[in-house]
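Read the structure below first, then the notes.
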Amino acid sequence: HRLPVRVQEYLRLVGPAVLATLAAVNVMVAVDAARRPSFQVGIEWLAVGACVVLVAARRGLLVGLVAAAAIAALARASGVG
């Protein structure tokens, strides 16, 4: 607890920010069988967005990840995504 509060808050949010970045890339870019990347739009965008909002609001990663997984699973189970 020697670091300033601002630095502690920054370091606490680095992990979720990196995970959100990786998720965004995996959601936006799809690679076909020939290994050509293409832009993709799907239900995963909603799931990642919900995760980012919940992580920012609650300052915790677990609730956001559970919500994102639930959104994606329900969408796929219903045939939407």
Side-chain angles (χ1 to χ4, degrees):
H1 295 285
R2 292 188 209 179
L3 295 173
V5 174
R6 193 94 168 137
V7 174
Q8 288 179 13
E9 184 173 314
Y10 171 79
L11 291 174
R12 194 175 320 121
L13 295 176
V14 166
V18 170
L19 289 176
T21 303
L22 292 172
V25 169
N26 286 325
V27 166
M28 290 183 211
V29 179
V31 179
D32 63 10
R35 306 289 299 158
R36 289 182 303 230
S38 63
F39 189 72
Q40 170 183 319
V41 176
I43 194 70
E44 294 86 1
W45 282 56
L46 176 64
V48 170
C51 181
V52 169
V53 168
L54 286 170
V55 168
R58 299 197 36 122
R59 305 270 185 195
L61 188 58
L62 180 62
V63 174
L65 289 176
V66 170
I71 290 169
L74 290 173
R76 289 183 181 145
S78 67
V80 173

Hphob cluster co-occupancy, Val55 + Leu62, side-chain heavy atoms under 4.5 angstrom: no
Common cluster, Leu3/Leu13, ILVMFWY with side-chain heavy-atom separation under 4.5 Å: no
Side-chain hydrophobic cluster, 4.5 Å single linkage: members besides Val52: Val27, Met28, Val29, Phe39, Val41, Trp45, Val48
Donor-acceptor under 3.5 Å (Glu44 side chain, Ala72 main chain): no
Arg6: salt bridge (charged side-chain N to carboxylate O under 4.0 Å, His left out) partners, not counting sequence neighbours: none
Exercise: identify the closest heavy-atom pair between Leu54 and Ala67: CD1-CB, 3.4 Å
